[in-house]
Amino acid sequence: MATYKDANYLQQSSSEAFDRDYGPGAAARHAGIYRCMGCHREIGIAADHVLPPQGHHAHTPSQGSIRWRLIVYADHKPK
Ligand SMILES: [Zn+2]
């Protein structure tokens with residue numbers, strides 16, 4: 001599970017960007033932390049990079065397929 005120390009750097013969002021699962025190799029439209037909904041592994045990825053491919057890690061049959069979901073969006077625009 002993603003963790004943090006200082007809550008001042010995170011804010012809750014109801015954006016639909018957090019509701020969609022992406023398959024292996026899909027383009028990551030948002031930079032941030034993605035969680036595999038099958039095994040709960042987390043990765044960090046830059047915007048417009050490609051999510052890891054099917055062979056990135058193995059699942060048991062009960063974990064199903066690799067599905068990446070954005071769980072933390074990293075706002076990289078200068079303020
Ligand atoms: Zn997984």
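This chain uses plain numbering: 1 for the first residue, then up along the sequence. These numbers were taken from a predicted model, which means no experiment stands behind them. Indexing begins at 1, ligand by ligand and atom by atom, following the structure's order.
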Check whether any N, O or S atom of His56, backbone or side chain, sits closer than 2.8 Å to the Zn ion (ligand 1). no

Rounded to the nearest 10°, what angle sits at the Zn ion (ligand 1) between SG of Cys39 and SG of Cys36? 120°

Angle, NE2 of His57 through the Zn ion (ligand 1) to NE2 of His59 - 10° precision: 110°

Has His40 got an N, O or S atom lying less than 2.8 Å from the Zn ion (ligand 1)? no

Do Tyr4 and Val72 have side chains that approach each other closer than 4.5 Å (heavy atoms only, starting at C-beta)? no

Are Pro52 and Tyr34 side-chain neighbours, meaning at least one heavy-atom pair lies under 4.5 Å? no

To the closest 0.5 Å, what do you measure between CD (Gln63) and CZ (Arg41)? 9.0 Å

Knowing that exactly one of Arg20, His56, Glu42 qualifies, which makes a side-chain contact (heavy atoms from CB on, under 4.5 Å) with Trp68? His56

